[in-house]
S.K.: 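Before we start, here is the structure in question, set down as structure tokens.
Keep in mind that this is a model prediction, so the values were computed, not measured. All values below come from the heavy atoms of this structure, side chains included, with hydrogens, waters and symmetry mates left out.
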Amino acid sequence: MDINDLRTLVTVLSFVVFAAIICWACSSRQRERFEEAANLPFVEPDEPLPASNQSKNQPDGGRA
């Protein structure tokens, strides 16, 4: 086995892993999970942030 055989083997194995990841990501069993994860940035928190965290989120550092 020379270096070219090893390169070919690594290329084929990499393609098989890539194809498996694509099949997994596109499977219908994962769709609900991915849609829920995609909407996470738009979910509003149920409770307001504590006063100590609100000042950190203001552009002026909570100073009036």
S.K.: Donor-acceptor pairs under 3.5 angstrom involving side-chain atoms of residues 6-28: please list them, not counting sequence neighbours.
M.R.:
unit_1	atom_1	unit_2	atom_2	d
Thr8	OG1	Asn4	O	2.9
Thr11	OG1	Arg7	O	2.8
Ser14	OG	Val10	O	2.8
Ser27	OG	Trp24	O	3.0

S.K.: Could you work out, with side-chain hydrogen bond (donor to acceptor under 3.5 Å, both in side chains) as the rule, every residue matching Arg33, not counting sequence neighbours?
M.R.: Gln30
S.K.: Which atoms form the tightest heavy-atom contact between Pro41 and Ala38, and what is the distance?
M.R.: CD-O, 3.4 Å
